[in-house]
S.K.: 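Below is a structure I'd like to ask you about.
Lettering of chains follows the sequences in order, A, B, ..., and the numbering in each one begins at 1.
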Amino acid sequence: MSTPVQSPENPSGHESTQDVATYDVEATQAKWLERWDALDLFRADDAVALSGEKPTYYALTMFPYPSGDLHMGHAEVMALHDVVARYKKFRGFEVLNPMGWDSFGLPAENAAIKRDEHPAVYTYANIETQYDSFKKYGLAFDWNRRLHTSDPEYYRWTQWLFLKFREQGLAYRKNSPVNWCPNDQTVLANEQVLGDGTCERCGAEVTKKELTQWYFKTTHYAQELLDCLDDLQDNWIAKVANAQRNWIGRSEGAHVSFDVAGHEPIKVFTTRPDTLPGATFMVVAADAKLAASLVTDAQRPALEAYLDEVKKASDIDRLATDRPKTGVDLGVTATNPLTGAQIPVWASDYVLADYGTGAIMAVPAHDERDREFAEKFGLPVVSVYDEDAAYDKAAEISSAIAKIEASGHGEGTINYRLRDWLLSRQRYWGAPIPIIHCPVDGEVAVPEDQLPVVLPELSGAALKPKGTSPLGGATEWVNVACPTCGGPAQRDTDTMDTFVDSSWYFFRYLSPNDDTQAFDPALAEAWGPVDFYLGGDEHAVLHLLYSRFFTKALRDMGLITWDEPFSSYLSQGKVINNGKKMSKSLGNGINLGEQIEKFGVDAVRLTLVFASPPEDNIDWADVSPEASLKFIKRAWRLAGDVTSSPGIDPASGDVALRRVTHKTIHECADLLERHRFNVVVARTMELVNATRKAIDNPSIGGADAAVREAVEAVAILLSLVTPYAAEEMWELLGHAPSVAQAAWPTVDEALLVDDTVTAVVQIQGKVRGRLEVSPSISEADLEAAALADPAVQRALEGKTVRKVIVRAPKLVNIVAG
RNA sequence: GCCCCCGUAGCCCAACCGGCAGAGGCAGCCGCCUUAAAAGCGGCACAGUGUGGGUUCGAGCCCCACCGGGGGCACCA
């Protein structure tokens with residue numbers, strides 16, 4: 001237990017820093033954990049938000065998946081997030097800062113199979129472990145709003161939203177070639193397949209399967225999802241907005257139809273309609289239905305043989321751009337609508353079935369891929385323009401589109417790379433899709449009053465992936481009466497992608513216990529949208545795009561009025577060790593619990609916040625929790641050396657120290673708004689150093705009113721990062737019950753201005769003299785003073801002053817020659 | 001190949017609207033304190049901003065090209 005030199009109520013006047021009791025990390029943590037629990041400091045008040053008596057601030061950080069205990073990555077994101085949440089509370093906002101668990105998902109299911117138990121056992125045990133760790137970590141969460149997406153009370157509304165989306169035409173089922181993870185034995189959304197064709201979750205090579213699956217119509221909002229990024233980008237970290245733009249992949253061009261004798265015309269998408277005269281052949285995706293319907297009987301065996309070959313090639317091979325072109329002539333010709341030329345139609349795997357129309361016009365003169373193909377198969381090359389000469393591409397394209405439109409063979413159009421979101425999964429631990437399949441009535445929605453469709457109790461081996469959903473094995477659960485006709489029918493046995501759960505959790509936090517609606521629209525209006533969202537880069541496209549889609553859909557349903565869920569977004573870097581990602585195989589993992597054990601919560605948090613700007617990676621080898629703890633003790637010791645009483649008027653204190661204090665507060669406020677948390681810590685260190693010097697200076701000392709003012713500022717600033725030590729300091733300073741309830745210090749503008757400032761005198765941009773001047777000096781006076789300066793005059797000897805640039809009060813630059 | 005971000009002391013990083021390159025820290029060195037050590041306190045040193053041009057009175061900051069690193073997209077027509 002820490003024993004301060006003197007009690008704050010009864011300042012003893014000890015000035016010595018010797019014999020100071022040591023700061024007891026463990027005891028301090030235990031003491032404040034208990035007090036905080038009783039104080040419930042961070043409860044967000046809906047009544048305040050609804051009344052508008054205070055501005056609201058919705059601070060959100062991505063909720064964790066409950067796999068084991070919290071780790072270094074969690075520690076970083078939570079430490080950073082907490083700075084923002086606590087700061088906004090200080091600034092008078094009613095802060096909503098909730099936390100919960102994204103608790104559906106595969107790891108629990110895999111653990112359940114291995115241990116022969118129910119996934120809920122693993123899930124909820126880990127949640128409790130993480131909850132305890134969160135509490136100990138001293139975070140400013142409103143735990144009254146805690147939620148778990150795997151609770152039936154939560155997924156009831158996930159299911160309700162699915163049904164609402166379906167009513168809006170935003171959820172539908174279709175048969176299509178889909179991504180299949182052979183390891184997890186389930187389909188995946190496009191977003192869950194990495195650039196190298198592997199599963200985002202398990203790393204297995206993803207294959208294609210033809211299946212009927214549920215989709216959300218994300219493409220409905222493609223343009224809006226793109227447009228809104230322009231408004232967001234000032235407050236969103238640039239790389240994430242960029243990643244979303246790339247993912248949406250807008251391209252402008254035209255649809256052009258090529259007539260084919262005895263067949264529907266072939267429609268292509270092209271970004272280069274100006275090169276239509278050079279289209280000397282066409283290529284359709286070999287695996288598209290179009291190829292099969294175009295091919296002549298004579299060429300059909302060749303196409304089928306080619307298809308067999310293509311299917312053998314893995315996706316990874318297919319993704320290699322340097323692979324030689326292959327293909328087969330379909331035996332038909334199409335008419336180039338501009339030249340009237342009869343051009344052959346080929347099939348190849350370099351054309352993708354699910355992008356554009358699955359067919360292209362090939363212009364070998366101006367497209368490298370088409371050129372390769374033409375060279376390989378001896379097809380003609382017709383140049384449209386000289387690539388080395390000047391060519392107004394934009395103008396040529398728009399005039400080409402006009403020409404095509406006039407001829408009735410197509411129109412200008414916009415194509416997106418974004419696909420609809422495949423949301424059904426063939427796994428157990430997720431929200432069941434609330435649909436009943438009836439032989440008479442087809443797809444029937446489960447009536448709202450029958451929600452939630454609760455998962456049947458399955459555990460252990462019954463969850464083993466077998467390519468179809470484990471729910472299919474729960475026959476009693478599957479077989480139900482059709483809600484429409486009452487006849488025998490069957491439940492849909494797929495569950496929803498867990499990204500569905502997390503696409504709307506920030507709405508549920510608004511009214512987490514409401515059993516009449518998914519969330520309260522009035523509270524959404526009062527609190528929303530999220531003002532600050534912090535998370536990981538790995539969700540740049542996945543979670544963030546899906547949540548944006550949900551928000552737009554909810555807006556169009558009239559439940560909310562705003563367009564975007566997250567007004568600002570920041571993603572923190574990773575915690576690495578010795579230049580490498582922490583991993584079991586490398587044996588370089590840093591255990592969070594051990595670090596906290598050794599240095600305490602505050603030191604770990606301080607280390608993470610101070611190490612670098614939030615978005616940069618932190619290499620644990622480059623930082624020093626020991627040093628952080630040293631600094632915390634040093635700051636804490638200041639409080640013990642303050643001998644004045646609370647409430648003393650700081651105006652009587654040392655002005656130099658007061659200046660440092662007020663400048664620090666002023667600058668920190670700006671830095672906090674700009675999320676430069678590492679610099680906030682650096683500024684606080686400076687203030688601590690200056691305060692130490694003042695205390696140790698016999699003519700100032702611990703009784704000076706400015707010292708109290710400075711140390712109180714330190715306690716408030718530090719409470720953003722090291723809440724335990726800050727509370728301890730606040731108490732030593734004679735305040736109660738918690739520093740979190742302190743008011744942010746008011747900055748005295750007069751103290752931000754120094755009596756004199758140093759003006760630099762430059763000649764030709766080189767510093768030649770310095771002047772101590774008043775900060776309010778006029779430009780004319782400063783210029784005169786500079787020219788009168790002996791050192792300057794010496795340097796100007798024999799030269800003519802051509803021009804004098806004055807930037808009062810900091811600088812004079814004399815151009816002479 | 002296209003797009004985005006970043007290169008500042010040995011290391012992690014500051015630097016406002018273009019205005020004296022250095023705030024904070026780590027590691028290092030030297031003192032003070034101490035019987036000694038630890039803790040604490042004080043001090044020192046270290047770069048001219050990846051490279052080459054340009055704009056400007058003045059460039060780490062703006063523009064162009066290149067080099068290096070990170071990320072996104074990618075046979076996407």
S.K.: Could you tell me the Watson-Crick or G-U partner of B:A15, where both distances fall under 3.5 Å? Say none if there is no partner.
M.R.: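 Partner of B:A15: none found under 3.5 Å.
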S.K.: Among the nucleotides B:G72, B:A77, B:C26, which one has an atom lying closest to any side-chain atom of A:Ala243?
M.R.: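 Of all the options, the side chain of A:Ala243 is nearest to B:G72.
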S.K.: Under 4.0 Å, counting only non-hydrogen atoms across every strand here, what does A:Ala682 touch: a base, just sugar-phosphate, or nothing?
M.R.: base
S.K.: What's the NZ-C1' distance between A:Lys810 and B:G18, to the nearest Å?
M.R.: 11 Å
S.K.: For a quick check of understanding: with a heavy-atom distance under 4.0 Å over all strands, which category does A:Phe631 fall into, base, sugar-phosphate or nothing?
M.R.: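 The answer is nothing, as A:Phe631 stays clear of every strand by at least 4.0 Å.
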S.K.: Do A:Glu205 and A:Thr198 have a side chain donor and acceptor closer than 3.5 Å?
M.R.: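 Distance-only check fails for A:Glu205 and A:Thr198.
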S.K.: Report the residue from A:Phe377, A:Trp346, A:Phe373 that forms a ring pair (Phe, Tyr, Trp, His ring centres under 6.0 Å) with A:Phe281.
M.R.: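 Among A:Phe377, A:Trp346, A:Phe373, the one that satisfies the ring pair (Phe, Tyr, Trp, His ring centres under 6.0 Å) with A:Phe281 is A:Phe373.
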S.K.: Identify the nucleotide, in any strand shown, that forms a Watson-Crick or G-U wobble pair with B:G48, with both distances under 3.5 Å; if there is none, say none.
M.R.: none
S.K.: Which one, B:A77, B:G19, B:C3, comes nearest to the side chain of A:Asn246?
M.R.: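 When the side chain of A:Asn246 is considered, B:C3 is the closest of B:A77, B:G19, B:C3.
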S.K.: Which of the following nucleotides, B:C75, B:A77, B:C73, is nearest to the side chain of A:Trp247?
M.R.: B:C73
S.K.: Over how many whole Å does the gap from A:Leu671 atom CG to B:C13 atom P extend?
M.R.: 17 Å
S.K.: Return no unless some side-chain N or O of A:Lys803 is found under 4.0 Å from OP1 or OP2 of B:C57.
M.R.: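 Affirmative; the distance criterion is met.
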S.K.: Is there a donor and acceptor pair closer than 3.5 Å between the side chain of A:Arg683 and the base of B:A23?
M.R.: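 Yes, a donor-acceptor pair under 3.5 Å.
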S.K.: Look at A:Tyr350 and B:A77 and indicate whether a side-chain polar atom (N or O) is within less than 4.0 Å of OP1 or OP2.
M.R.: no
S.K.: Can you identify which nucleotide, out of B:G25, B:C73, B:G19, has its nearest atom closest to the A:Phe610 side chain?
M.R.: B:G25
S.K.: Could you tell me which nucleotide pairs with B:G68 by Watson-Crick or G-U wobble geometry, both distances under 3.5 Å, or answer none if nothing does?
M.R.: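 Base partner found: B:C6.
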S.K.: For the pair made of NE2 in A:His539 and C1' in B:G71, what is the distance, rounded to whole Å?
M.R.: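 These atoms are roughly 16 Å apart.
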S.K.: Is there, by distance only and without an angle test, a donor paired with an acceptor across the side chain of A:Lys325 and the base of B:C75 below 3.5 Å?
M.R.: yes
S.K.: Using whole Å, what does the distance between atom P of nucleotide B:C12 and atom CG of A:Leu608 come to?
M.R.: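 In whole Å, B:C12 P and A:Leu608 CG are 17 Å from each other.
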S.K.: Just call it for A:Gln762: base, sugar-phosphate, or nothing, with non-hydrogen atoms closer than 4.0 Å on any strand.
M.R.: base
S.K.: Which glycosidic conformation, syn or anti, is assigned to B:C63 if syn requires a torsion within 90° of zero?
M.R.: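 Base orientation relative to the sugar is anti.
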S.K.: Would you say A:Asn577's side chain and A:Met582's backbone share a donor-acceptor pair under 3.5 angstrom?
M.R.: no
S.K.: Does A:Asn678 place a side-chain N or O at less than 4.0 Å from the phosphate oxygens OP1/OP2 of B:A14?
M.R.: yes
S.K.: If you check the A:Thr270 side chain, which of B:C4, B:A77, B:C41 turns out closest?
M.R.: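 The listed nucleotide nearest to A:Thr270's side chain is B:A77.
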S.K.: When the distance from CG of A:Leu226 to C1' of B:C3 is rounded to whole Å, what number comes out?
M.R.: 13 Å
S.K.: How is A:Asp616 classified with respect to the nucleic acid when contacts are heavy atoms under 4.0 Å: base, sugar-phosphate, or nothing?
M.R.: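 Since only primed, P, OP1 and OP2 atoms lie under 4.0 Å of A:Asp616, the category is sugar-phosphate.
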S.K.: Counting the atoms with a prime plus P, OP1 and OP2 as sugar-phosphate, which does A:Asp622 contact under 4.0 Å by heavy atoms, base, sugar-phosphate, or nothing?
M.R.: sugar-phosphate
S.K.: Could you tell me whether the side chains of A:Asn689 and A:Arg634 share a donor-acceptor contact shorter than 3.5 Å?
M.R.: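 On atom types as modelled, these side chains qualify, holding a pair under 3.5 Å.
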S.K.: Under 4.0 Å between any heavy atoms, over every strand shown, what does A:Asn689 touch: base, sugar-phosphate, or nothing? Just pick one.
M.R.: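 Sugar-phosphate, no base atom in range.
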S.K.: Listing request: all salt bridge (charged side-chain N to carboxylate O under 4.0 Å, His left out) pairs with a residue in residues 665-690 of chain A, at least two apart in sequence or in separate chains.
M.R.: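 Those involving residues 665-690 of chain A are A:Lys88-A:Glu673, A:Glu615-A:Arg676, A:Glu667-A:Arg683, A:Asp670-A:Arg674, A:Arg683-A:Glu686.
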S.K.: So if I take every side-chain heavy atom of A:Asn242 and compare against B:G72, B:G42, B:G71, which nucleotide ends up nearest?
M.R.: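 So the side chain of A:Asn242 is nearest to B:G71.
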S.K.: Using a 4.0 Å cut-off on heavy atoms, which residues in residues 250-258 of chain A reach RNA chain B? List them by number, or say none.
M.R.: A:Ser251
S.K.: Does B:C20 have its OP1 or OP2 closer than 4.0 Å to a side-chain nitrogen or oxygen of A:Asn813?
M.R.: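 No, because none of the side-chain N or O atoms of A:Asn813 sits under 4.0 Å from OP1 or OP2 of B:C20.
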S.K.: Would you please name every residue forming a side chain to side chain donor-acceptor pair (under 3.5 Å) with A:Asp616, sequence neighbours left out?
M.R.: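 Scan of A:Asp616 (side chain to side chain donor-acceptor pair (under 3.5 Å), adjacent residues dropped) gives none.
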S.K.: Looking across every strand, which nucleic acid part, if any, lies under 4.0 Å from A:Lys633 by heavy atom: base, sugar-phosphate, or nothing?
M.R.: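 Nothing, no heavy atom under 4.0 Å.
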S.K.: Between A:Val679 and A:Ile360, just flag the one whose closest nucleotide in RNA chain B comes earlier from the 5' side.
M.R.: A:Val679
S.K.: Counting N and O atoms only, with roles assigned by atom type, does the side chain of A:His255 sit under 3.5 Å from a partner on the main chain of A:Thr413, one being a donor and the other an acceptor?
M.R.: no
S.K.: Would you indicate which nucleotide in B:G40, B:G19, B:C4 comes nearest to any side-chain atom of A:Leu811?
M.R.: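 Looking only at heavy atoms from C-beta outward on A:Leu811, the closest nucleotide is B:G19.
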S.K.: Assign each of A:Val193 and A:Met685 to its nearest nucleotide of RNA chain B by heavy atoms, then name whichever residue's nucleotide is nearer the 5' end.
M.R.: A:Met685
S.K.: Give A:Val760 one of three labels, base, sugar-phosphate or nothing, depending on what nucleic acid heavy atoms sit under 4.0 Å from its own.
M.R.: base
S.K.: Check this for me: does any side-chain nitrogen of one of A:Arg692 and A:Asp641 sit under 4.0 Å from a carboxylate oxygen of the other?
M.R.: yes
S.K.: Of all the nucleotides listed (B:C57, B:C75, B:G40), which has the minimum atom distance to the side chain of A:Arg807?
M.R.: B:C57
S.K.: With the side chain of A:Arg770 defined as its heavy atoms from C-beta on, choose the nearest nucleotide among B:G72, B:A77, B:C20.
M.R.: B:C20
S.K.: Measure the distance from CG on A:Asp354 to C1' on B:C75 and round it to the nearest whole Å.
M.R.: 13 Å
S.K.: Between B:A15 and A:Arg674, is there an OP1 or OP2 to side-chain N/O distance shorter than 4.0 Å?
M.R.: yes
S.K.: Is the positively charged end of A:Lys633 above the ring of A:Tyr23, judged by distance under 6.0 angstrom from the centroid and angle within 45° of the axis?
M.R.: no
S.K.: Can you see whether A:Asp420 engages A:Thr219 through a side-chain donor-acceptor pair at a distance of less than 3.5 angstrom?
M.R.: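 A donor-acceptor contact under 3.5 Å links the two side chains.
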S.K.: How close or far is atom C1' of B:U56 from atom CD1 of A:Ile805, stated in whole angstroms?
M.R.: 9 Å
S.K.: State the syn/anti category of B:G48 according to its glycosidic angle, syn meaning within 90° of 0.
M.R.: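 Base orientation relative to the sugar is syn.
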